[in-house]
*Asks:* 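Supplied in structure tokens, the structure appears directly below.
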Amino acid sequence: MTSTAAAPPPPRAYRRLSVEERRAQLLVAALGLFAHRAPDEVSLDEVAVAAGVSRPLVYRYFPGGRQQLYEAALGSAADELKLCFTEPPVGPPTERVARVLDRYLRFVDEHDTGFSALLRGGSVVETSRTTSIVDGVRRAAAEEILSHLGRIGSTGPRSAGPRLRMMVRSWIAAVEAASLIWLDEGKQPPAAELRGWLVDHLIALLAATAATDEEAAAVVRDLLALETPDGPAGRLAELVIPVVADAAHLLPQAPAAD
């Protein structure tokens, strides 16, 4: 009698990974662990298990051990984080910044513990190399934000002056601080609400800087010409103008007519 049992599936063909593919596999495994645990709490054995390889293989690719692996994983995460700030110059500037922050906060959410440990410092694997990687992300983020404000390049007529650069880098620092507090507060308020507040923060900083800096004033004029009533700048203006109107008594009084 002929058996009707299904034939077992053919064995999967083994494919040897290239050096680049194997290294990428190990970095993905390491990033998954570093994302949710402090770097000094992750062992190479755990990375090997997560990647489905042996510990000696991890050492073959990262002979410097956990330090070298962490720096490589951090560099990979930094490249991903830089991409969060890359946005085509299409649409009103504040809407572009809102999309940038959506991606940034999604990254923070997905890498919560590792992100917190990284920015707070104090890790046993923190070195000048890791600090340089993180600072590179901050500078790249600042350049991208400046480009959305119409200031491109380090020299030339469209480059940003010192006051504008200081303002944008201060905002980047505030975004980092807010992200850490957001993680401490159990990711409350919701990410969309936090994003809106951070965009408002950037607009407010620009307005305050424009009051005493002509370059910032020119940026604000150009930016407002591109904004829409239902966009972030329009909504903030609708909320703030009535509040500011209550400060009219603080303005210098015109001299009384003779």
Side-chain angles (χ1 to χ4, degrees), residues 6-87 99-141 144 172 175-176 179-187 191 194:
R12 294 182 64 182
Y14 174 78
R15 184 175 75 87
R16 182 181 294 275
L17 298 180
S18 68
V19 171
E20 293 77 13
E21 290 173 327
R22 180 67 73 187
R23 189 174 188 278
Q25 177 197 29
L26 296 174
L27 286 178
V28 168
L31 278 171
L33 294 169
F34 290 138
H36 301 293
R37 292 168 59 191
D40 50 308
E41 296 176 358
V42 176
S43 69
L44 288 185
D45 286 333
E46 290 174 301
V47 174
V49 170
V53 301
S54 66
R55 191 173 193 268
L57 183 64
V58 179
Y59 264 110
R60 185 188 307 172
Y61 282 83
F62 299 98
R66 183 174 62 185
Q67 178 65 39
Q68 183 183 6
L69 178 58
Y70 175 64
E71 290 183 1
L74 179 59
S76 178
D79 291 340
E80 184 181 345
L81 191 52
K82 288 176 185 177
L83 289 176
C84 292
F85 286 89
T86 303
E87 178 70 23
R99 291 193 290 269
V100 163
L101 287 172
D102 280 336
R103 289 193 295 270
Y104 173 82
L105 292 173
R106 191 177 307 122
F107 181 94
V108 174
D109 183 29
E110 294 172 354
H111 300 77
D112 46 14
T113 303
F115 180 88
S116 180
L118 167 66
L119 290 187
R120 284 195 170 98
S123 169
V124 295
V125 291
E126 183 182 12
T127 65
S128 59
R129 167 68 178 157
T130 60
T131 300
S132 176
I133 293 172
V134 176
D135 191 54
V137 174
R138 292 171 178 145
R139 291 179 180 277
E144 287 293 335
I172 295 293
V175 169
E176 283 187 9
S179 301
L180 292 173
I181 296 169
W182 185 62
L183 293 177
D184 284 345
E185 295 293 329
K187 300 178 183 177
L194 175 60

*Asks:* Can any side-chain N or O of K82 pair as donor or acceptor with the backbone N or O of A141 at less than 3.5 Å?
*Replies:* no

*Asks:* On a heavy-atom basis, which atom in Y61 and which in V19 lie closest, and how many Å separate them?
*Replies:* CE2-O, 3.6 Å

*Asks:* Using side-chain contact (heavy atoms from CB on, under 4.5 Å), reason through L33 and E41 one step at a time and then give a plain yes or no.
*Replies:* CA-CA 9 Å; L33 294 169; E41 296 176 358; over 6 Å; no

*Asks:* Taking only distance into account, with no hydrogens and no angle test, what donor-acceptor pairs under 3.5 Å do side-chain atoms of residues 43-51 form with protein atoms, sequence neighbours excluded?
*Replies:*
{"residue": "S43", "atom": "OG", "partner": "E46", "partner atom": "N", "Å": "3.2"}
{"residue": "S43", "atom": "OG", "partner": "E46", "partner atom": "OE1", "Å": "3.3"}
{"residue": "D45", "atom": "OD1", "partner": "R55", "partner atom": "NE", "Å": "2.7"}
{"residue": "E46", "atom": "OE1", "partner": "R37", "partner atom": "NH2", "Å": "3.4"}
{"residue": "E46", "atom": "OE1", "partner": "S43", "partner atom": "N", "Å": "2.9"}
{"residue": "E46", "atom": "OE2", "partner": "R37", "partner atom": "NH1", "Å": "2.8"}
{"residue": "E46", "atom": "OE2", "partner": "R37", "partner atom": "NH2", "Å": "3.3"}

*Asks:* Search all heavy atoms of A78 against all heavy atoms of V137 and return the closest pair with its distance.
*Replies:*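 Minimum heavy-atom contact is CB-CG2, 3.5 Å.
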
*Asks:* Just wondering, do Q67 and R129 contact through their side chains at under 4.5 Å, heavy atoms?
*Replies:* no

*Asks:* Taking the side chain as C-beta and beyond, is there a heavy-atom pair between L194 and K187 under 4.5 Å?
*Replies:*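 Counting from C-beta outward, L194 and K187 never come under 4.5 Å.
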
*Asks:* Quick one: do Y104 and L81 satisfy side-chain contact (heavy atoms from CB on, under 4.5 Å)? Show the steps, please.
*Replies:* CA-CA 7 Å; Y104 173 82; L81 191 52; 3.8 Å; yes

*Asks:* Restricting to non-hydrogen atoms, name the atom on F85 and the atom on I172 that form the minimum distance, rounded to 0.1 Å.
*Replies:*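 Scanning both residues completely, I find the closest heavy atoms to be CE2-CD1, 4.3 Å.
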
*Asks:* Among residues at least two apart in sequence or on other chains, which ones pass side chain to side chain contact (heavy atoms under 4.5 Å, CB included) with R99?
*Replies:* E87, E95, R96, R103

*Asks:* How close do S18 and E21 get, heavy atom to heavy atom, and via which atoms?
*Replies:* N-OE1, 3.0 Å

*Asks:* Partners of F107 by ring pair (Phe, Tyr, Trp, His ring centres under 6.0 Å), sequence neighbours excluded?
*Replies:* H111

*Asks:* Less than 4.5 Å apart, side chain to side chain, heavy atoms only: is that true for L180 and V108?
*Replies:*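 No - every pair of side-chain heavy atoms lies 4.5 Å or more apart.
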
*Asks:* How far apart are the closest heavy atoms of A73 and L31, and which atoms are they?
*Replies:*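 Result for this residue pair: O-CD2, 3.3 Å.
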
*Asks:* Given side chains that start at C-beta, do those of V100 and E144 come closer than 4.5 Å, heavy atoms only?
*Replies:* no

*Asks:* Between E71 and L74, is a side-chain contact (heavy atoms from CB on, under 4.5 Å) present by the stated rule, with each step listed?
*Replies:* CA-CA 5 Å; E71 290 183 1; L74 179 59; 5.5 Å; no

*Asks:* Answer yes or no: is there an ion pair linking R139 with D135, defined by an N-O contact shorter than 4.0 Å?
*Replies:* yes

